[in-house]
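This is a predicted model, so every value here is computed, not measured.
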Amino acid sequence: MFDKRPPCPGDPNDYVWVRSKEGPHWRRKRGRVTAAHLNGSYQESNDQTKIVSPAASRARKAVAPYLGGITAGRLNNRISTAFRKSLKEKGQLAFHYLKGIEMQREHPLDGLLKCDYRLSVTEKSITITIPVARGSVQALNKLVTD
């Protein structure tokens, strides 16, 4: 079928063809007449994202060497959420908000280890100490023995 669009009502660079429930029509591109402004809540969220996202990315890169073979999924988002919560509650990023985040939700650390592990959080680092001995790790395949 042929496209039966009416001609653009103005400069084609300022308009976009949209299909809505009311039917297709030309709409002026947003921000072309007046600058688009964010409401207060959205602006605050946008400002927090500019702080939290790079920090979460750096944290993810710091643990990347230990994630070989792990399906981390949306780990970056889980870290970002924890950092966003710390920023909202404390006004700064704090590592202790990362406590309880699983690297791999399908296989939580508590389910894989048969021994206790220690987690220590300092101002600039997180340390996980795992005493490795025979039978410490649950063998889920033939690659893992002890």
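Between H25 and G23 the shortest heavy-atom distance is ND1-O, 3.1 Å. Closest of all the heavy-atom pairs between L98 and A82 is CD2-CB, 3.8 Å.
Separating the CZ atom in F83 from the OG1 atom in T49 is a distance of 14.0 Å, to the nearest 0.5 Å. Annotation: the span from R60 atom CZ to S53 atom OG amounts to 13.5 Å, rounded to 0.5 Å.
Put simply, the side chain of S80 gets close to the backbone of N76: a donor and an acceptor are under 3.5 Å apart.
Under the rule for a side-chain contact (heavy atoms from CB on, under 4.5 Å), the partners of R58 that lie at least two apart in sequence or sit in another chain are P54, A55. With sequence neighbours left out, Q48 forms a side-chain contact (heavy atoms from CB on, under 4.5 Å) with E44, R84, L87. Listed by chain and residue number, nothing satisfies the side chain to side chain donor-acceptor pair (under 3.5 Å) test with N77 (two or more places apart in sequence, or in another chain). Remark: P6 engages W17, W26 in a side-chain contact (heavy atoms from CB on, under 4.5 Å) (not counting sequence neighbours). Under the side-chain contact (heavy atoms from CB on, under 4.5 Å) criterion, A94 pairs with S86, H96, Y97, sequence neighbours left out. Every residue two or more places apart in sequence or in another chain that forms a side chain to side chain donor-acceptor pair (under 3.5 Å) with S20 is listed here: E22.
A 6.0 Å sphere centred on NZ of K29 holds more than 12 heavy atoms belonging to other residues, nucleotides or ligands.
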Less than 3.5 Å apart, which donor and acceptor atoms pair up between the side chains of residues 121-128 and the rest of the protein, not counting sequence neighbours?
unit_1 : atom_1 : unit_2 : atom_2 : d
T122   : OG1    : S125   : N      : 3.2
T122   : OG1    : S125   : O      : 3.3
T122   : OG1    : S125   : OG     : 2.8

In a table with atom names and distances, give each donor-acceptor pair under 3.5 Å that connects a side chain of residues 9-16 to protein atoms at least two apart or in another chain.
unit_1 : atom_1 : unit_2 : atom_2 : d
D11    : OD1    : N13    : N      : 3.2
D14    : OD1    : R32    : NH1    : 3.4
Y15    : OH     : R28    : NH2    : 3.1

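No side-chain heavy atom of K85 sits less than 4.5 Å from a side-chain heavy atom of T81.
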